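What you see is a predicted model, and the numbers here were worked out from it, not measured in a lab. The chains referred to below are lettered A, B, ... by the order of the sequence lines, with proteins before strands, and numbering in each begins at 1.
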Amino acid sequence: MSLEKILLGTVQSGVQALYNQTFNENLIQFQKTKKEFDGDITLVTFPIVKFSKEAPHITGEKLGAFLLENSDLVSAYNVVKGFLNLSIVDTFWVDQLNTISETVNYGFSPSNGKLYMVEYSSPNTNKPLHLGHLRNNFLGYSVAEILKANGFEVVKTQIVNDRGIHICKSMLAWEQFGNGETPESTGLKGDKLVGKYYVRFDQELKKETKALVNAWVAETNDDQNLDEAILKLISAYQNNDESAQAGIFDKLSELAKNQTAIMKSAQDMLLKWEQKDPAVYKLWSTLNGWVYDGFESTYQAMGVDFDKLYYESETYLTGKDLVEDGLKKGIFFQKDDGSIWIDLTDDGLDEKLVLRGDGTAVYMTQDMGTASQRFLDYPKLNGITYTVGNEQDYHFKVLFLILKKLGYAWAENCFHLSYGMVDLPTGKMKSREGTVVDADDLMQEVVDKAKAGSQERGHLEGMSDTDKNNLYQTIGMGGLKYYLLKVDPKKRMLFNPEESVDLNGNTGPFIQYAFARINSLLKSDFKVKPVLKTVELHDSEREIIKLLIDFPQVIKEAGTELSPALIANYTYELVKLYNSFYQSVSIFKESDDEKINLRLNLSKNVGDTIKKSMHLLGINVPNQM
RNA sequence: GGGCCAGUAGCUCAGCUGGAUAGAGCACCUCCCUUCUAAGGAGGCGGUCAAAGGUUCGAAUCCUUUCUGGCUCACCA
């Protein structure tokens with residue numbers, strides 16, 4: 001039973017005895033005593049004043065005296081305004097520490113029999129993974145681990161975005177300009193090679209677009225086949241001054257894009273792909289194969305994995321049945337051009353397209369299909385969490401609403417783990433402007449930095465080269481993951497390259513270092529036993545025990561909030577307290593064996609908690625660093 | 001224009017289901033390695049919690065309005 005629960009009963013009988021009142025326990029508010037005051041736990045007496053009809057400090061005094069008299073736990077009290085600060089006997093804290101030590105899997109919940117799916121990553125197969133994907137992957141992986149710690153069985157999954165016009169763009173550019181290049185012939189990772197041709201396509205497209213628009217606006221242009229909107233713009237361009245021309249040129253460029261030869265070829269290729277043209281299919285599977293090899297090595301470096309993969313090329317058609325079904329049920333409606341929509345205006349949203357006029361699937365169609373497929377594949381499935389950026393908030397709001405309207409009870413248990421964009425000090429990442437931070441490059445950089453830092457400090461005598469390299473990996477990746485996970489997922493965050501490889505302060509390596517020091521302590525021959533109740537606690541020891549008591553609650557909250565940041569912040573607090581303790585008391589210079597035992601016992605529990613917390617973030621901890 | 005999200009120290013972030021004098025890290029300035037790993041610790045400097053009203057014994061936290069920034073409202077994904 002928690003301290004608050006135990007005290008609650010005594011407070012209630014106190015109120016009964018003093019004021020002959022019984023009242024709702026919600027009115028009894030406990031909070032942690034702030035560190036500038038004496039005490040361990042504080043009762044806020046303002047709400048009780050309503051019944052006592054006294055000044056808050058009078059009621060505090062009376063209740064304090066009652067508690068001191070009637071509770072074995074309370075050893076002292078003091079009153080500051082409306083706050084009754086209670087000191088709790090050390091035996092209670094020692095007892096708690098022993099309980100924590102004896103609890104198997106302390107902080108983790110037993111299985112609740114529920115199956116949950118966490119979707120994350122879900123990249124396009126036309127370009128390499130970047131910094132944004134790192135936040136996504138680390139978040140998704142961590143949330144999956146946190147849900148497991150809360151008793152769920154979890155299937156980690158992704159939907160691989162392997163089809164569509166953007167995929168055809170890189171295919172086409174490779175075909176036209178690639179000269180048969182392969183990962184082997186160039187030494188490039190597959191995803192990098194394909195990404196290179198995606199960029200190449202864009203360059204060609206820009207070049208052709210510009211040429212086309214220049215031809216349109218030239219005096220000699222007599223192409224009468226252009227549609228009216230374009231002709232209007234051309235005439236506007238020709239009859240305006242230079243300052244207005246730039247804007248018109250941009251508008252024309254937008255229209256011209258789709259009329260360039262290269263874009264038409266790409267669209268043509270998509271059509272052929274949908275018709276399963278053998279040559280196009282072969283090209284598609286070859287390039288995607290390269291990309292998957294590249295991704296595989298990136299995922300490995302990230303330390304993330306998946307239990308089940310879904311491919312858009314396999315699921316994009318399945319949503320159509322749902323649309324047909326919904327149309328019959330009158331949930332959707334058809335417009336004259338054949339396109340199918342849902343009217344969500346009653347729910348405060350818009351009309352939303354669910355199937356194109358030509359009968360092809362849109363994003364929404366596919367996501368409906370994929371969701372339903374997943375519940376078919378896993379009949380026990382309770383819900384899905386989608387780790388997707390917050391620019392898709394509206395999409396998921398609509399998706400879940402549609403699924404609900406289609407009558408799926410499980411739609412209630414689908415959540416969008418919406419996370420904010422990662423900005424750079426220079427602003428937004430833009431692939432077109434080449435400001436994207438590549439995932440592989442960044443991971444390599446942080447590992448290199450960790451290596452340099454470790455070598456400078458030189459605590460690694462007697463370690464093999466393999467172990468050293470693993471350590472650099474652990475520290476570098478630990479720093480990067482911690483950096484991206486310590487911020488509330490919902491919030492947009494700034495990625496500062498300098499800070500991300502920092503090893504001091506609120507960082508992954510700071511926490512790893514505390515673990516390594518604890519590990520070093522525990523290597524002694526001293527045999528750790530349960531702590532005797534008679535031991536007197538140092539302030540820093542008591543504070544650590546108090547924080548350890550919170551661990552299970554933190555894991556629960558991280559689970560309901562889907563927020564690894566809560567775990568990160570908790571661990572940081574714990575490590576700060578531990579470091580302070582480590583500095584202020586000596587362990588092996590202590591003459592009293594019982595105190596040595598207490599301190600090692602405490603250290604071991606802190607170490608275990610650090611390890612478990614970091615595990616929930618996908619971060620490893622080193623025994624030595 | 002409608003909807004959603006955010007605005008806290010020079011910078012990056014906690015705190016937000018209302019409670020005491022708003023906290024960390026970085027940066028800057030002092031100290032501490034003949035104690036177990038100094039990737040550490042102790043301290044200092046630094047705030048109109050975007051602004052104005054309101055509710056309350058009490059507001060960074062809840063409500064209203066305004067300002068600023070972002071995302072979104074595609075027969076793109």
How far does the [atom1] atom of [N] sit from the matching atom of [M], given to the nearest Å?
{"N": "B/rU61", "M": "B/rG7", "atom1": "P", "value": "11 Å"}
{"N": "B/rC67", "M": "B/rG25", "atom1": "P", "value": "38 Å"}
{"N": "B/rU65", "M": "B/rC11", "atom1": "C1'", "value": "31 Å"}
{"N": "B/rA59", "M": "B/rG53", "atom1": "C1'", "value": "13 Å"}
{"N": "B/rG44", "M": "B/rC49", "atom1": "C1'", "value": "23 Å"}
{"N": "B/rA20", "M": "B/rG58", "atom1": "P", "value": "14 Å"}
{"N": "B/rA9", "M": "B/rC45", "atom1": "C1'", "value": "11 Å"}
{"N": "B/rU17", "M": "B/rC63", "atom1": "P", "value": "11 Å"}

Contact class for [X] vs. all strands (heavy atom < 4.0 Å): base, sugar-phosphate, or nothing?
{"X": "A/S584", "result": "nothing"}
{"X": "A/D488", "result": "sugar-phosphate"}
{"X": "A/D347", "result": "nothing"}
{"X": "A/M493", "result": "sugar-phosphate"}
{"X": "A/N390", "result": "sugar-phosphate"}
{"X": "A/F510", "result": "sugar-phosphate"}
{"X": "A/S454", "result": "base"}
{"X": "A/E498", "result": "nothing"}
{"X": "A/I475", "result": "base"}
{"X": "A/K576", "result": "sugar-phosphate"}
{"X": "A/E573", "result": "nothing"}
{"X": "A/N85", "result": "base"}
{"X": "A/G357", "result": "base"}

Practice task
Over 60° means perpendicular and under 30° means parallel, so classify the ring planes of A/Y386 and A/F396, tilted if in between.
Solution key: tilted

Problem - Whether A/F46 and A/F83 hold their rings parallel, tilted or perpendicular, with breakpoints at 30° and 60° - result: perpendicular

Problem - Backbone N/O of A/T315 and side chain of A/Q366: donor-acceptor pair under 3.5 Å - result: no

Problem - Main-chain N/O of A/V362 paired with A/T365 side-chain donor or acceptor, under 3.5 Å - result: yes

Are [X] and [N] stacked, counting the six-membered base ring, centres under 5.5 Å, planes under 30°?
{"X": "A/F83", "N": "B/rG19", "answer": "no"}
{"X": "A/Y394", "N": "B/rG3", "answer": "no"}
{"X": "A/Y513", "N": "B/rG40", "answer": "no"}

Problem - 4.5 Å side-chain heavy-atom contact, A/E61 and A/Y77 - result: yes

Output the single nucleotide from [options] whose closest atom is nearest the side chain of [X].
{"X": "A/V362", "options": "B/rA39, B/rG19, B/rA77", "value": "B/rA77"}
{"X": "A/D502", "options": "B/rC4, B/rC71, B/rC26", "value": "B/rC26"}
{"X": "A/D393", "options": "B/rC4, B/rU37, B/rA20", "value": "B/rC4"}
{"X": "A/L521", "options": "B/rC36, B/rG41, B/rG19", "value": "B/rC36"}
{"X": "A/V487", "options": "B/rU12, B/rA14, B/rU72", "value": "B/rA14"}
{"X": "A/A516", "options": "B/rU37, B/rC4, B/rG25", "value": "B/rU37"}
{"X": "A/Q366", "options": "B/rA20, B/rA77, B/rG3", "value": "B/rA77"}

Check the phosphate of [N] against [X], side-chain N and O only, distance under 4.0 Å to OP1 or OP2. Yes or no?
{"X": "A/R356", "N": "B/rC76", "value": "yes"}
{"X": "A/N504", "N": "B/rG40", "value": "yes"}
{"X": "A/K491", "N": "B/rA14", "value": "yes"}
{"X": "A/K81", "N": "B/rU21", "value": "yes"}
{"X": "A/K50", "N": "B/rC57", "value": "no"}
{"X": "A/R492", "N": "B/rG69", "value": "no"}
{"X": "A/N496", "N": "B/rU12", "value": "no"}

Taking only distance into account, with no hydrogens and no angle test, what donor-acceptor pairs under 3.5 Å do side-chain atoms of residues 445-453 of chain A form with protein atoms, sequence neighbours excluded?
from: A/D448; atom 1: OD1; to: A/Q444; atom 2: NE2; distance (Å): 3.1

Practice task
Decide whether a cation-pi geometry holds between A/R163 and A/Y316; the criteria are a distance under 6.0 Å from NZ or CZ to the six-membered ring centre and an angle within 45° of the ring axis.
Solution key: yes

Problem - Sidechain N-carboxylate O distance under 4.0 Å for A/K251, A/E254 - result: no

Problem - Sub-6.0 Å ring centroid separation between A/Y483 and A/F495 - result: yes

Exercise for the section: Kindly say whether the aromatic ring centers of A/F201 and A/Y198 come within a distance under 6.0 Å. Expected result: no

Handout entry: B/rC33, syn or anti by chi within 90 degrees of zero
Key = syn

Problem - First of A/Y572 and A/L353 reached from the 5' end of RNA chain B, by closest nucleotide - result: A/Y572

Handout entry: Comparing A/K335 and A/T507 on RNA chain B - which has the more 5′ nearest nucleotide
Key = A/T507

Exercise for the section: Report the distance from atom NE2 of A/H166 to atom P of B/rA77, rounded to the nearest whole Å. Expected result: 8 Å

Handout entry: Distance-only donor-acceptor test (3.5 Å): side chain A/Q31, base B/rA20
Key = yes

Between protein and nucleotides 29-35 of chain B, what N or O pairs are separated by less than 3.5 Å?
from: B/rU35; atom 1: O4'; to: A/K589; atom 2: NZ; distance (Å): 3.4

Practice task
Start with the C-alpha distance between A/I610 and A/I518, add both sets of side-chain angles, then the distance that settles side-chain contact (heavy atoms from CB on, under 4.5 Å), and finish with yes or no.
Solution key: CA-CA 10 Å; A/I610 291 173; A/I518 289 171; 4.2 Å; yes

Fill in the blank from the handout: In terms of heavy-atom contacts, A/N569 and A/K486 come closest through OD1-O, 4.0 Å

Fill in the blank from the handout: For B/rA24, the nucleotide meeting Watson-Crick or G-U wobble distances (both under 3.5 Å) is B/rU12

Practice task
Would you mind pulling out the nucleotide paired to B/rG69, Watson-Crick or G-U wobble, both distances under 3.5 Å?
Solution key: B/rC5

